Amino acid sequence: MKLDDLLEGQGQRKRLCYEEAREVYAAVGVDAEAAIGAALDTPISAHCWQADDVVGLEALDGALDGGGIQATGNYPGRARTGDEIRRDFEMAASLIPGTLRFNLHAMYAETGGERVDRDELAPEHFATWIDWCADNDWGMDFNPSCFAHPMVVDGLTLSSPRRAVREFWVRHCIASREIARAMAKKLGPCVCNIWIPDGRKDATADRIGPRRRLVKALDTVLETRKARVIDTVESKLFGIGVEDYTVGSHEFCLLYAAARGCGVCFDMGHYHPTEGIADKISAALLFVRPVLIHASRGVRWDSDHVTRFNDELRAVADEVVRSGRARDVLWATDFFDASINRIAAWTIGLRSVRKALLWALLAPVEAAQSAEQAGDGAGKLAVEEVRAELPFGAVWDELCARAEVPGGLAWLAEVRRYEAEVLSARG
Ligand code: RNT
Ligand code: ZN
């Protein structure tokens, strides 16, 4: 069957019986009702930057250092203004079940045409975003934008040996925390996540110097605690043009967070190709709080592909749920695919995270853990295997129905309609 014909029938698609599915789960000791409730209630913070390929709303001139990240593709319909981003996200949000937050970068300030540099940004430049989130009942999170700016000098920001450069970015990060504070005042606790691109392309001669400067700069930024602002530091392995050395590496950020009592951010694309973040969660949670997850997908490198409901994401969700510390883990998305419809990218990525949460909450964990405790390795493996046979789809459909969003593929027809009506009119 062709996709077009398939989409035709999606509206009237027969749904599997949820009541029966619930009984099947109950028979393995799983409460499907509770799982649906917990999956829907877990906030997922949607990143704004999928809307426009991480371009932002500032008027900056000249070629800028992208900070080692790159959106590839030129699919038509990119959002070019704050209004277009908001409209596009409203469309995506209508197709994503469960509690959402909105995660903004500083480069999306709206200054009414006036040039305001990043170290001068203030809450007023985000008033429209804040009101819009309040209207939609979404919490907000925030990120200083330490890339794509002329003050990134020799690829360095907070760790630069030049005092003027370092101080500029310190001021920007301090301003960002003030903005996060304003968001928190209106909308409840707000994450302020610091990621910097700093690193070297080749043959790094001094690795400790920039790290020493970064510690000092972060200490200055985070000097005073801000009520209801949740500070996190995001590590990275490498970037494009920054292959040899990253100042804010995994060890650096994790140790900094543990030593200073702030949160840490694990981005699923920021590790060696076969290294996942799932196993890091239980270790980190014993020393650091919160752990912020950037749900992303690397393909061969930190390519920021759209998050999918794959083994890796499922393993991460499993670990969060099994740790019993889900309250100390925050979920956010981080990907930017410019080669496909961007609203579909958002929808697929965010639905996949919600789906992974439901999957983890529907696991017969007690059976597996009791088998493990009894030294029954085969029993544990068998329980793990049986998960794939359980009627997961019926529970997911029920979750979507309760959230009043389309199940199955029906959302795709709506994205296509929006594309024809709205996106195709953009130059
Ligand atoms: C970059 C980090 C960071 C960015 C956003 C734009 O590798 O993942 O989170 O993607 O801040
Ligand atoms: Zn990230």
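The shown structure was predicted, so the numbers you read here are calculated from the model rather than taken from an experiment. Both counts, for ligands and for their atoms, begin at 1 and track the order of listing.
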Suppose we call two aromatic rings close when their centres sit under 6.0 Å apart. Are F142 and H105 close by that rule? no
If you measure from the Lys or Arg side-chain nitrogens to the Asp or Glu carboxylate oxygens, is any gap between D141 and R101 under 4.0 Å? yes
Check this for me: does any side-chain nitrogen of one of E178 and K226 sit under 4.0 Å from a carboxylate oxygen of the other? yes
Could you name each residue pair satisfying salt bridge (Lys or Arg N to Asp or Glu O under 4.0 Å) that touches residues 144-162, not counting sequence neighbours? D154-R162
Polar protein atoms (N, O or S) that approach the Zn ion (ligand 2) to under 2.8 Å: E234 OE2, D267 OD2, H294 ND1, D334 OD2
Residues in the immediate environment of ligand 1 (any heavy atom closer than 4.0 angstrom): W49, I69, H105, W195, E234, K236, D267, H270, H294, D302, D334, F336
Run the salt-bridge test on D52 and R80 with the 4.0 Å N-O cut-off and return the result as yes or no. no
In terms of relative ring orientation, are F392 and W396 parallel, tilted or perpendicular, with 30° and 60° separating the classes? parallel
For residues 185-198, the salt bridge (Lys or Arg N to Asp or Glu O under 4.0 Å) pairs (sequence neighbours left out) are D131-K186
Salt-bridge present (E243, R200; N to O < 4.0 Å): no
Scanning both residues in full, the closest heavy-atom pair of Y245 with R207 reads OH-O, 2.6 Å
